[in-house]
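Proteins come first, then strands; the chains are lettered A, B, ... in the order of their sequence lines, and each starts at number 1. Just so it is clear, the structure is predicted and the values come from calculations on it, not from any experiment.
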Amino acid sequence: MKYNFKATEKKWQQYWQREQTWLALDNSKKKKFYSLIEFPYPSGDGLHVGHLRPITAMDVISRQRRMAGENVLYPIGMDTFGLPAENYAIKTNTPPKVATKRNIANFNRQLQMLGYSFDWSRFFSTSDEDYYHWTQWIFIQLWKNGLAYKAKENINWCLSCQIGLANEEVVGGVCERCGGAIVKKEKEQWLLRISKYADRLIDGLKRIDFLEPIKKQQTDWIGRSEGVEVDFAITNSDQKLKVFTTRPDTLFGVTFMVLAPEHPIIHRLEGQIKNLSAIKKYISAARGKSDIDRGKEKSGLKLEGVSAINPVNKKEIPIFVADYVMMSYGTGAIMAVPAHDQRDWEFAKKYKLNIVPVISGGDIKKEAYTDTESGQMINSDKYNGFSVKKFQKEITGWLSKNKIGKKTVNYKLHDWIFSRQRYWGEPIPMVYCEKDNWQAVPEKDLPVVLPDIKDFKPTADGQSPLAKLDKWINTKCPVCGGPARRETDVMPNWGGSNWYFIRYTDPRNKKQLVDPKKAKYWLPVDWYNGGMEHTNLHLLYSRFIYKFLFDIGVIPKECGDEPYAKRTAHGLILAEGGVKMSKSKGNVINPDDIVAKYGADALRVYEMFMGPFDQTIAWDDQGVTGVFRFLNRIWALADKIGAVKTSKESERLLHQSIKKVSTDIEQMHFNTAVSQLMILLNHLEKQEKINKDLWADFIKLLSPLAPHLSAELWQKLGHKNNLAYESWPKYDVRLAQEEKIILGIQVNGKLRDTIELDYDTAPSKELEKEILSQEKIQRCLQGLKIRKFIHVKNKIISIVAN
RNA sequence: GCCGGCGUGGUGGAAUUGGUAGACACGCAGGACUUAAAAUCCUGUAGCUUAAAAGCUGUGCCGGUUCAAUUCCGGCCGCCGGUACCA
């Protein structure tokens with residue numbers, strides 16, 4: 001009888017639900033295993049096959065761990081606040097709340113259709129009041145601890161989304177979401193002081209099992225660099241110009257200074273600047289440019305009437321304003337050393353400025369000489385002849401002794417812009433008291449509920465749509481009782497997603513963010529798989545928030561301050577032909593179609609079989625037919641089960657398969673795990689009858705990948721118990737070992753013949769004689785003299801002759 | 001530009017403390033079953049020479065180390081990802 005995947009899959013999904021098979025126990029004696037995927041944001045388009053790759057992978061691992069005796073928490077929720085949901089709502093002109101509810105239902109239907117072993121009892125959405133209550137609570141704690149502050153900042157402004165973006169959300173100079181142009185805009189924003197955690201975010205990486213590229217990307221993004229801050233005096237002024245440099249050894253080569261267009265000292269020096277109107281014109285032109293345009297060609301303008309004094313040689317040097325220097329790094333001003341910095345060199349060439357080499361070795365006529373390791377000091381007064389390293393130490397000491405400079409550390413990482421001028425997000429629980437600045441909403445009044453609103457579209461003036469709700473905005477100051485106004489910006493979608501995995505451990509707690517007992521049992525997450533695109537976003541943010549919650553005691557000490565013990569990443573799935581799946585191209589593969597045609601198990605197995613898990617791969621419809629046949633052949637084999645003896649050969653292959661499938665799943669080499677099962681199946685198909693116990697083990701190995709078919713076969717075999725908690729097969733090294741082995745015989749590096757030997761046959765003279773007498777070998781050796789005979793046990797036999 | 005990763009049949013890919021390259025699957029070709037088709041099953045399938053036996057070539061390109069290199073080393077080319085005036 002043909003395998004009826006439709007009926008079978010429905011049957012077992014209902015069974016698992018009825019039996020509550022996937023409930024995670026909060027206080028089990030078993031070893032706990034917390035496996036996590038990045039929860040989806042439910043767009044209107046539904047899931048596509050690319051989303052299922054990481055979910056299926058962690059489901060396979062979770063199922064295998066349950067059978068290996070662990071208490072598994074594999075939770076699911078939805079990241080519902082934020083732009084994707086809001087944009088979809090705008091496009092369809094449906095209130096976000098309504099659209100989101102509908103989308104959640106569709107996502108849940110699709111996830112259930114694939115038979116994932118989620119603990120659905122812990123489900124929540126980030127836009128649930130019960131949940132964002134605690135998202136707001138975290139914000140208030142950050143504020144109370146001085147880690148949330150409002151400031152006027154030059155921020156990245158997306159012209160198309162009409163919102164401010166964090167640096168992490170600007171990708172390649174354009175908006176991460178919509179690809180629109182980014183300009184600088186001065187705006188009052190809430191910021192989180194993630195920079196205070198920069199060192200801990202780097203150091204923590206040493207203690208956790210993240211893929212190396214993830215560690216490296218995060219470290220690079222945080223961008224710690226050690227250097228010196230140096231003060232330059234300004235002529236006819238008490239103002240000082242502070243710069244950051246990693247190369248204090250080049251101080252004698254400083255021939256001019258450069259300010260970022262936004263540098264505040266320009267304003268303070270207005271009285272002395274003779275070409276002020278030209279400077280102002282340059283600055284406003286620079287502001288209107290996007291970051292990409294700024295990078296195109298170097299331009300600048302000299303500040304007439306003011307100069308700086310080089311502290312080491314007291315020389316007067318000109319000051320420029322130029323947009324190749326950025327306000328957002330270091331001090332927003334640089335000491336330019338054109339002889340030893342390529343950018344400064346190009347600028348000096350363009351504006352015909354002095355280029356003074358201070359380190360021997362390069363040819364500064366052609367380009368800047370940037371080698372830091374070798375060379376000696378020149379043109380550096382009494383320090384001539386010093387090595388670069390020695391002088392660096394010397395001058396740093398001199399600067400700090402004379403209070404001109406000091407050692408310091410700089411980071412590329414900036415404080416995290418945390419407000420969005422949108423509607424569909426967590427209201428920031430702050431009110432502005434006319435008398436006394438910003439105050440937090442009292443914790444007993446949480447959550448600050450997002451009001452329903454008719455016109456939820458973003459406004460062109462850069463205000464949140466909430467700014468139109470006078471009734472909601474006007475409130476009382478929680479401290480003095482006087483009139484106050486609510487904050488109208490909302491949190492970015494990261495607000496809810498940076499702590500959701502904590503809430504899974506105690507999702508219904510009304511009194512606390514999390515019960516410390518439950519947190520202690522489950523945290524940290526044992527294995528978190530997600531996309532590489534979140535390395536500098538969600539993954540960095542959530543580590544920061546977790547460390548903060550650890551610091552204020554919400555996360556118990558025993559858990560440590562790193563949220564994820566292990567992080568892996570999956571490759572993307574592209575549409576057929578290797579292009580990105582997109583609705584506009586009409587090439588999105590919908591799992592509904594695949595499941596209708598081939599069933600959930602076939603889709604699951606194909607997702608795992610299609611290629612290496614960590615690599616990008618194109619979808620191939622024909623590939624699904626391969627695994628579909630595989631599953632049907634397994635079903636057909638169930639008729640051959642009987643009480644027969646298992647052959648040595650079958651037993652060996654079984655044990656080899658147990659070993660390979662087990663280690664492959666653990667290493668996420670799912671494609672080779674599947675192919676091993678195919679090899680085993682191909683072998684079993686050749687047998688007259690198949691032993692019941694061997695078959696039972698085969699079903700167990702298959703079950704994490706194709707759980708519905710396996711459950712059905714398990715029952716067919718006469719079992720009444722739940723396969724999900726049956727013990728994972730163990731392999732016996734001796735039984736897995738081949739008895740005979742075929743070795744290649746090479747003559748002068750070329751394979752000429754083979755020989756079958758007992759495993760572990762040691763090299764011997766007799767064997768050598770036997771091999772040399774083989775006909776093919778004799779023929780190859782005709783007229784040659786044997787120089788060397790090499791036999792590496794179980795590997796190769798190699799003969800050298802000439 | 002800089003920093004990672006990768007490059008193997010018609011296709012997805014397998015094989016690494018150096019040891020028989022191409023497992024497994026797709027596709028294709030031939031055959032069986034069928035009035036026919038689909039489905040299923042069997043056989044073959046890196047390229048070249050060849051009727052066959054066999055031989056030669058072959059893991060992006062060039063060179064090196066070694067009895068032996070997809071694997072190690074040096075140089076180059078291409079693709080993908082990250083990052084980008086970071087002082």
Side-chain angles (χ1 to χ4, degrees), chain A residues 2 171-173 211-214 216-221 223-225 227-228 243-247 250 258 260 291-292 294-298 322-326 328-337 340-344 346-347 410-413 532-533 535-536 569 571-572 578 605-606 609-612 614-627 629-630 632-633 636 669 671-682 685 741-755 776 779 787-802:
Chain A
K2 225 187 145 204
V171 175
L211 291 177
E212 283 308 318
I214 298 177
K216 196 175 175 316
Q217 265 186 45
Q218 287 205 347
T219 310
D220 287 353
W221 185 261
R224 184 189 153 98
S225 93
V228 180
V243 300
F244 172 76
T245 179
T246 54
R247 297 291 308 275
T250 60
V258 188
D291 283 355
I292 290 179
R294 280 193 180 198
K296 273 179 187 152
E297 209 197 327
K298 289 209 172 31
D323 61 12
Y324 81 91
V325 172
M326 293 172 304
S328 53
Y329 185 76
T331 63
I334 62 156
M335 54 177 234
V337 188
H340 303 294
D341 182 289
Q342 190 57 26
R343 295 152 301 167
D344 298 344
E346 281 164 27
F347 193 80
N410 240 294
Y411 302 94
K412 282 200 243 180
L413 182 71
M532 281 305 285
E533 72 276 16
T535 300
N536 293 336
L572 293 175
V605 177
Y606 177 59
F609 181 62
M610 62 192 299
D614 56 359
Q615 270 171 49
T616 301
I617 196 161
W619 182 264
D620 177 13
D621 255 341
Q622 281 178 325
V624 191
T625 62
V627 296
R629 281 176 203 155
F630 168 62
N632 281 299
R633 278 161 54 202
H669 295 165
N671 53 331
T672 47
V674 174
S675 73
Q676 184 63 38
L677 289 173
M678 288 174 169
I679 291 168
L680 183 54
L681 173 73
N682 289 346
E685 274 182 333
I741 188 164
I742 295 170
L743 282 199
I745 304 170
Q746 293 180 343
V747 177
N748 288 335
K750 280 186 180 157
L751 183 75
R752 295 299 179 186
D753 203 359
T754 56
I755 184 167
K776 278 188 192 171
R779 218 183 318 139
R787 300 289 168 196
K788 235 179 193 180
F789 187 94
I790 299 161
H791 175 190
V792 183
K793 198 167 82 176
N794 301 330
K795 300 264 176 166
I796 199 84
I797 288 156
S798 183
I799 302 161
V800 188
N802 59 15

Whether each nucleotide of nucleotides 10-15 of chain B has a protein heavy atom under 4.0 Å at its base (B), only at its sugar-phosphate (S) or at neither (-) is summarised, 5' to 3', as --BSS-
Exercise for review: Test side chain to side chain contact (heavy atoms under 4.5 Å, CB included) on A/I617 and A/Q615 and set out the steps.
Suggested key: CA-CA 6 Å; A/I617 196 161; A/Q615 270 171 49; 5.9 Å; no
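On the P atoms, B/G19 is 24 Å away from B/G55, given to the nearest whole Å. Taking the C1' atoms as reference points, B/G74 lies 11 Å from B/U65, given to the whole Å.
Among the nucleotides B/C24, B/C85, B/G19, the one closest to the side chain of A/M678 is B/C24. When each of B/U20, B/C67, B/A87 is scored by its nearest atom to the side-chain atoms of A/T754, the top-ranked nucleotide is B/U20. With B/G19, B/C67, B/C41 as the choices, the nucleotide that has an atom nearest any side-chain atom of A/I790 turns out to be B/C67. Comparing atom distances between the A/R343 side chain and each of B/G19, B/C24, B/C85 picks out B/C85 as nearest. Each of B/C26, B/C3, B/A87 was ranked by its minimum atom distance to the side chain of A/K216; first place goes to B/C3.
Across all strands shown, A/V792 has heavy atoms under 4.0 Å from base atoms, whether or not it also approaches the sugar-phosphate. Within the nucleic acid shown, A/I679 comes within 4.0 Å of sugar-phosphate atoms alone, with no base atom in reach, counting heavy atoms only. A/K788 comes within contact range of the sugar-phosphate backbone alone, with a heavy-atom separation under 4.0 Å but no base atom that close. A/Q217 comes within contact range of the sugar-phosphate backbone alone, with a heavy-atom separation under 4.0 Å but no base atom that close. Across all strands, A/N794 comes closer than 4.0 Å to no nucleic acid atom at all (heavy-atom distances). Among the heavy atoms of the strands, none lies under 4.0 Å from A/R224.
Nucleotide B/C67 holds its P atom 15 Å from the CD1 atom of A/I796, rounded to whole Å. One can place CG of A/D614 at 16 Å from P of B/G82, the figure rounded to the nearest angstrom. Rounding to whole angstrom units, CG of residue A/L751 and C1' of B/A46 are separated by 16 Å. To the nearest angstrom, C1' of B/A25 lies 13 Å from CG of A/L681. We find that OH of A/Y324 is positioned 13 Å from P of B/A87, with the value rounded to whole Å. Taking atom CZ on A/R779 and atom C1' on B/A54, their separation rounds to 8 Å, with Å as the unit. To the nearest angstrom, P of B/G19 lies 19 Å from CZ of A/F789. Rounded to a whole Å, the CZ atom of A/R787 is 19 Å from the C1' atom of B/A68.
Using the Watson-Crick or G-U wobble rule with both distances under 3.5 Å, B/U17 pairs with nothing in any strand shown. Across all strands shown, B/G1 forms a Watson-Crick or G-U wobble pair with B/U83, both key distances being under 3.5 Å.
Taking CZ of A/R752 as the start and CD1 of A/I745 as the end, the distance is 12.0 Å to the nearest 0.5 Å. The structure places CZ of A/F630 at 8.5 Å from CZ of A/F609, a figure rounded to the nearest 0.5 Å. We find the CD1-NZ distance between A/I755 and A/K776 to be 12.5 Å, quoted to the nearest 0.5 Å.
Judged by distance alone, with hydrogens and angles left aside, the side-chain atoms of A/N748 form a donor-acceptor pair with the main-chain N or O of A/A801 at under 3.5 Å.
Here A/W619 and A/Y606 bring their ring centres to under 6.0 angstrom of each other.
Between A/R629 and A/I799, the one whose closest nucleotide on RNA chain B sits nearer the 5' end is A/R629. Residues A/G332 and A/P213 both approach RNA chain B. Their nearest nucleotides, taken by heavy-atom distance, put A/P213 toward the 5′ side.
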